[in-house]
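Worksheet: the structure to be examined is printed underneath.
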Amino acid sequence: MTQRISKYQKFKMMNPIIQFFKFIYLSIKIMIIVAGGHGGTRENIK
Amino acid sequence: MSKIVILGAGISGHVAASHLRRKLSKQHEVIVVSPNSNYQWIPSNIWVGIGRMKSEKILFPLAPLYKRKGIGYKQAKAISFFPEGDKNEEKPYVLAEYIIGDKKGQHEKVTYDYLINATGPKLNFEATEGLIPGQNKTYSVCTYTHADHAWEGLSEVIQQMKQGKKAKILIGTGHAKATCQGAAFEYILNVEQELRKHKVRDMAEVTWISNEYQLGDFGMDGMLLSYKGMTLKSHEMVEMIFEDRDIKWILGAGVNKVKDGIAYYENLDGEIKGEVYDFAMLIPAFSGHGFKAYDKNENDITEKLFKGFMIVDADYTPKPYEEWSVRDWPETYQNPSYRNIFAPGIAFAPPHAISKPRKSKNETPIFPSPPRTGMPSGITAKLVADNIIDSIKNGKESLHHKGSLGNMGAACIASAGFGMTKGSGVSITTYPIVPDYEKYPKTQGRKLSKTFGEIGLAGHWLKLALHHAFIYKAKMKPLWWLIPE
């Protein structure tokens with residue numbers, strides 16, 4: 001086993017307070033990406 | 001009055017049916033034909049497969065909901081397509097066979113004005129010799145019943161480990177061209193965490209086996225992504241996670257045969273190898289359902305509708321990987337021969353893979369097929385429904401709504417362990433799903449501000465929130481339509 005994620009990083013990944021704010025941030029960011037629209041790719045083809 | 005028939009009641013079919021019913025007046029008929037009696041939220045199957053969620057929590061019966069909402073429902077399976085009708089029936093129809101009740105075994109011509117083929121994939125276990133869920137110590141999490149069996153198998157192995165027996169666990173893809181690596185990725189991380197919770201992690205060797213050339217390919221040719229202010233390659237991120245959790249990996253592996261506790265595979269060097277295991281979860285190949293189509297005179301016209309999956313407005317011209325373009329991918333999911341037939345979700349035939357095709361030294365193709373999971377399935381189903389609604393309301397064909405996978409983002413919230421305080425998730429977003437090398441030439445075809453990765457407890461909460469939100473939406477509870485696909 002190779003420790004690739006430090007104990008401090010793991011603490012941040014599992015800290016409920018930090019992760020609560022991360023949850024809000026991720027929810028908004030994902031909503032923007034996912035609900036931010038979609039469309040075609042051929043509009044510029046003549 | 002128009003009659004819209006939807007084949008399938010999975011994510012795609014159900015989204016299309018619910019939007020059509022909400023936006024069309026009751027004078028128009030919306031009918032769902034599906035062999036399944038339940039709606040299931042497939043992304044949560046991985047939690048059923050580790051015993052952390054009962055399968056009843058991820059499904060609900062369709063018939064009462066459809067009755068309440070005024071959606072017609074026939075529990076039947078489609079057999080063949082007659083897009084011009086036949087000598088006795090002027091309207092186009094689908095021949096369906098009832099699979100339950102008094103009408104079991106009876107055939108019915110289900111006529112339509114518009115047809116949405118949302119039949120998804122056939123789980124083609126037969127393509128790999130011996131790959132049968134629940135047999136040869138192999139399992140699947142593709143359906144809730146498979147996931148229930150997987151948990152039974154896993155818990156038995158955990159009990160054996162508690163009694164001192166060492167075990168090998170193998171998770172990944174069960175075919176050289178399988179897709180859905182994301183589900184297997186979630187499952188291996190959840191299983192690894194469960195082993196730790198049961199205090200048997202040191203008794204198990206956990207191995208990832210996949211047809212990917214590199215870790216983190218996910219059938220999307222991998223990606224560059226933003227992670228903690230850096231730009232990482234997805235294989236570096238997954239490698240970090242696997243190494244940290246002591247998960248071994250075998251790549252470029254086309255599993256072609258499974259015997260009791262041994263998975264045989266060919267690698268890209270053309271070597272035939274075997275991997276021993278005590279418990280395996282291997283995703284099968286996906287294929288079309290083998291539907292046939294006939295014209296008015298009952299001549300076989302299957303090639304006009306199907307190319308394995310259904311033919312839509314994609315560019316199917318064979319071309320080398322270097323010439324692939326986002327413009328090859330469909331925008332409206334309309335069949336070019338019969339313009340009142342659409343195939344959103346997984347039911348449409350992709351123009352080609354997304355990952356670079358590779359062959360072994362024996363000329364065996366070993367690379368992932370393109371994934372088309374929940375979110376794009378929902379988005380494409382909604383845009384198909386919107387185009388049909390516009391066409392009906394305007395009295396002429398309208399294809400205003402478009403959604404190419406080359407101009408659409410996707411979020412993959414991969415659970416990496418269950419638990420409100422001990423859980424974890426790997427959240428990855430990608431934009432676009434199909435890389436656009438013309439628009440984003442320096443970042444491997446992806447927009448970096450919209451392609452990022454995060455690891456942590458928040459990812460688990462997010463996945464749990466999505467589970468509840470999408471089941472609420474699928475049950476068509478008040479204001480369900482405000483929740484995006």
Side-chain angles (χ1 to χ4, degrees), chain A, chain B residues 228 239-246 313 315 325-332 375-376 379-380 383 399 401-411 413 420-425 427 429-432 434 436 439 447 449-452 454-462 465-466 483-485:
Chain A
M1 183 174 173
T2 312
Q3 188 179 336
R4 290 285 306 271
I5 303 172
S6 69
K7 283 188 175 172
Y8 177 61
Q9 285 297 333
K10 279 184 185 166
F11 166 76
K12 287 203 290 185
M13 284 175 184
M14 301 308 289
N15 183 296
I17 298 164
I18 297 171
Q19 291 299 309
F20 173 75
F21 291 104
K22 184 73 85 180
F23 172 74
I24 305 291
Y25 168 77
L26 281 175
S27 302
I28 295 167
K29 193 157 182 185
I30 288 170
M31 188 71 86
I32 290 167
I33 293 168
V34 173
H38 48 79
T41 53
R42 302 173 190 152
E43 284 88 355
N44 298 326
I45 302 279
K46 288 180 184 174
Chain B
K228 295 194 181 300
E239 205 171 292
M240 177 180 78
I241 296 166
F242 277 9
E243 279 193 343
D244 195 71
R245 291 188 170 209
D246 198 17
D313 60 320
D315 181 354
S325 160
V326 279
R327 287 187 285 275
D328 300 340
W329 288 78
E331 295 181 327
T332 62
M375 216 180 63
I379 292 172
T380 54
L383 76 88
L399 296 171
H401 300 274
K402 292 177 179 177
S404 162
L405 299 194
N407 189 1
M408 185 188 294
I413 314 299
M420 285 308 284
T421 56
K422 303 283 182 197
S424 184
S427 313
T429 64
T430 310
Y431 182 90
V434 175
D436 187 339
K439 229 173 179 175
K447 188 172 186 175
S449 62
K450 290 186 173 182
T451 304
F452 69 91
E454 281 288 345
I455 309 171
L457 182 57
H460 174 71
W461 292 344
L462 205 53
L466 291 176
I483 300 170
E485 270 57 45

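Chain naming here is simple, since letters A, B, ... match the order of the sequence lines and numbering starts at 1 in each.
With a 4.5 angstrom heavy-atom cutoff, A:F21 does not touch chain B via any of its atoms. Contacts of B:T421 with chain A are made by backbone atoms alone, with heavy-atom separations under 4.5 Å and no side-chain atom involved. Contacts of B:M408 with chain A are made by both backbone and side-chain atoms, with heavy-atom separations under 4.5 Å. Neither the backbone nor the side chain of B:L405 comes within contact range of chain A; no heavy atoms are under 4.5 Å apart. A:K12 does not touch chain B: none of its heavy atoms, backbone or side chain, sits under 4.5 Å away. Looking at B:K228, only its side chain comes within 4.5 Å of chain A, counting heavy atoms on both sides. When heavy atoms are compared at a cutoff of 4.5 Å, B:L466 does not approach chain A at all.
Every residue meeting the side-chain hydrogen bond (donor to acceptor under 3.5 Å, both in side chains) condition with B:D313, not counting sequence neighbours, appears here in chain and number order: B:T332. Residues forming a side-chain hydrogen bond (donor to acceptor under 3.5 Å, both in side chains) with B:E485 (at least two apart in sequence, or on another chain): B:H19, B:K473.
The backbone N or O of B:I241 sits nowhere less than 3.5 Å from a side-chain atom of B:E239 that would complete a donor-acceptor pair. The backbone N or O of B:S325 lies less than 3.5 Å from a partner atom in the side chain of B:D328, making a donor-acceptor pair. A:R42 contributes a side-chain N or O that, together with a main-chain N or O of B:W329, makes up a donor-acceptor pair within less than 3.5 Å. For the pair B:E331 (side chain) and A:G39 (backbone), a donor-acceptor distance under 3.5 Å is absent. Panel note: side chain B:E243, backbone A:R4; no donor-acceptor pair is recorded below 3.5 Å.
Heavy-atom pairs under 4.5 Å with chain A were tallied for B:V326, B:N407, B:L457, B:I379; the largest tally goes to B:N407. Most heavy-atom pairs under 4.5 Å with chain A, from the set B:A458, B:G409, B:P432: that is B:A458.
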